[in-house]
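Below is one structure, written out as structure tokens; comments come after it.
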Protein chains: 2
Amino acid sequence: MELDKTDFKILAKLQDNGKSSYSEIARVINVSEGTVRARINKMLKEEVFEFIIHMNPNKIGLHVQAIIGLETKLGLQDHIACQLKTHQSVRFIGAFSGKHDLIIQGYFRDNEELVSFVNEQLAKIEGIISVDVNVELKQYKDTFSYIDT
Amino acid sequence: MELDKTDFKILAKLQDNGKSSYSEIARVINVSEGTVRARINKMLKEEVFEFIIHMNPNKIGLHVQAIIGLETKLGLQDHIACQLKTHQSVRFIGAFSGKHDLIIQGYFRDNEELVSFVNEQLAKIEGIISVDVNVELKQYKDTFSYIDT
DNA sequence: CAGTATTTTTACGAATTTATTAAAAAAATA
DNA sequence: TATTTTTTTAATAAATTCGTAAAAATACTG
């Protein structure tokens, strides 16, 4: 799908405020409400973006965040990733080039829950060679606003 | 702030669909629209969550994703993080315990842009001792739905 | 425990937004 | 240039949001 100037203007507005109304965006970028709606619906269908909420983990009792690098046995990476995917605590999983085959980001209630995730949940998955746990001490940024306004 | 059952029901609905209307949520969880609205506004004020859009980087031309671990000179970590924060390409920055002092996640147009980020942008920041670049080969998950429905 | 204050929920109407759709305009195609 | 296809607009009906006052529930106090 080809995004044009109007699409990017819409995305720029939504990037600033995910709750902007069609009408509001329409007024700002000088097109009709119907145009904004049509384009948003098209982009949603094409999975250009999604409307979501971003929860503050701390505020819902998840006080420990970690990025965990995994070394996996050749051939088992995909299977391992798919098992991890179902875990409630896991926010991100990717396969990577570099030292770690898989990198995952997870949110946990406390250190105990993190430890149990590593020593119980991960431990029982076959094919994990090594685990490198990095615990977050401070967060500086967790937003993405690529599009210029 | 103390979140109760009703708050969590609201969050659960919004987690499924960030565009659910107050009325829609109200119908499902059997309270008035005003209650849903009041609680959402309160949670927004308390920064429990935000309404955002999640863009699919590929669809806006960002085909290279990377997680970069940095080793930083003692005392300069905070300053480095704050400089990185302003970068358009950077989605996530955290300070961590473990091998890397800072871990960042970034989205780039192509390999060239990633390389220029590392060799030009990072290179000119004072106090970075080492850089460990992991390029994403496949993404398995990038969503968070912690709350049970 | 009664009484008062505070917070939360509900309910209602006005303002606004969304959704549907037909016609106009623009763009693409032959 | 004519024709088809896509996109935008405009108009109106349906639904949602918003502001607010009253009712209900909860918390607080003597």
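Proteins get letters first, then strands, A, B, ... in listed order; numbering begins at 1 in each.
- The terminal axes of the helix from C:dC1-D:dG30 to C:dA30-D:dT1, fitted over 5 pairs per end, subtend an angle of 40° to the nearest 10°.
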Each nucleotide N or O in nucleotides 23-29 of chain C that has a protein N or O under 3.5 Å away: list the pair and distance.
none

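- Taking every heavy atom of both residues into account, A:Phe92 and B:Glu136 meet most closely at CZ-OE1, 3.1 Å.
- For the pair B:Ile128 and B:Leu102, the minimum side-chain heavy-atom distance is 4.5 Å or more.
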For a quick test of your reading: what N or O donor-acceptor pairs under 3.5 Å do the side chains of residues 38-46 of chain A make, sequence neighbours left out?
| unit_1 | atom_1 | unit_2 | atom_2 | d |
| --- | --- | --- | --- | --- |
| A:Arg39 | NH1 | A:Asp4 | OD1 | 2.7 |
| A:Arg39 | NH1 | A:Asp4 | OD2 | 3.2 |
| A:Arg39 | NH1 | A:Asp7 | OD1 | 3.0 |
| A:Arg39 | NH1 | A:Asp7 | OD2 | 3.3 |
| A:Arg39 | NH2 | A:Asp4 | OD2 | 3.1 |
| A:Asn41 | ND2 | A:Arg37 | O | 3.3 |

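- In this structure A:Gln65 satisfies the side-chain hydrogen bond (donor to acceptor under 3.5 Å, both in side chains) test together with A:Gln139, sequence neighbours excluded.
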Donor-acceptor list for residues 12-23 of chain B side chains, cut-off 3.5 Å, not counting sequence neighbours:
| unit_1 | atom_1 | unit_2 | atom_2 | d |
| --- | --- | --- | --- | --- |
| B:Asn17 | OD1 | B:Lys19 | N | 2.8 |
| B:Ser20 | OG | B:Asn17 | O | 2.6 |
| B:Ser21 | OG | B:Glu24 | N | 3.1 |

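- In this structure, the side chains of B:Ile68 and B:Phe117 come closer than 4.5 Å at one or more pairs of heavy atoms.
- Contacts between residues 30-45 of chain A and DNA chain D, counted as heavy-atom distances below 4.0 Å, involve A:Val31, A:Ser32, A:Gly34, A:Thr35, A:Arg39, A:Lys42.
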Show me the side-chain donor-acceptor pairs of residues 73-81 of chain A shorter than 3.5 Å, one per line, residues at least two apart or across chains.
| unit_1 | atom_1 | unit_2 | atom_2 | d |
| --- | --- | --- | --- | --- |
| A:Asp78 | OD1 | B:Lys138 | NZ | 3.0 |
| A:Asp78 | OD1 | B:Tyr140 | OH | 2.6 |

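- Under the 4.5 Å side-chain heavy-atom criterion for Ile, Leu, Val, Met, Phe, Trp and Tyr, B:Val28 and B:Leu3 are members of the same hydrophobic cluster.
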Without placing hydrogens or testing angles, list every side-chain donor-acceptor pair under 3.5 Å for residues 49-58 of chain B, not counting sequence neighbours.
| unit_1 | atom_1 | unit_2 | atom_2 | d |
| --- | --- | --- | --- | --- |
| B:Asn56 | OD1 | B:Asn58 | N | 3.2 |
| B:Asn56 | ND2 | A:Glu47 | O | 3.3 |
| B:Asn58 | OD1 | B:His63 | ND1 | 3.4 |

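- Taking the salt bridge (Lys or Arg N to Asp or Glu O under 4.0 Å) definition, one finds that B:Lys99 meets it with A:Asp132, sequence neighbours left out.
- Listed by chain and residue number, nothing satisfies the side-chain hydrogen bond (donor to acceptor under 3.5 Å, both in side chains) test with B:Gln83 (two or more places apart in sequence, or in another chain).
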Could you go through residues 142-149 of chain B and list every donor-acceptor pair under 3.5 Å that involves a side-chain atom there, pairing it with any protein atom two or more places apart or in another chain?
| unit_1 | atom_1 | unit_2 | atom_2 | d |
| --- | --- | --- | --- | --- |
| B:Asp142 | OD1 | B:Arg91 | NH1 | 3.4 |
| B:Asp142 | OD1 | B:Arg91 | NH2 | 3.2 |
| B:Asp142 | OD2 | B:Arg91 | NH1 | 2.8 |
| B:Tyr146 | OH | A:Arg109 | NH2 | 3.3 |
| B:Asp148 | OD1 | A:Gln88 | NE2 | 3.1 |

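- DNA chain D lies under 4.0 Å from at least one heavy atom of each of the following residues of residues 9-29 of chain B: B:Ser21, B:Tyr22, B:Ser23, B:Arg27.
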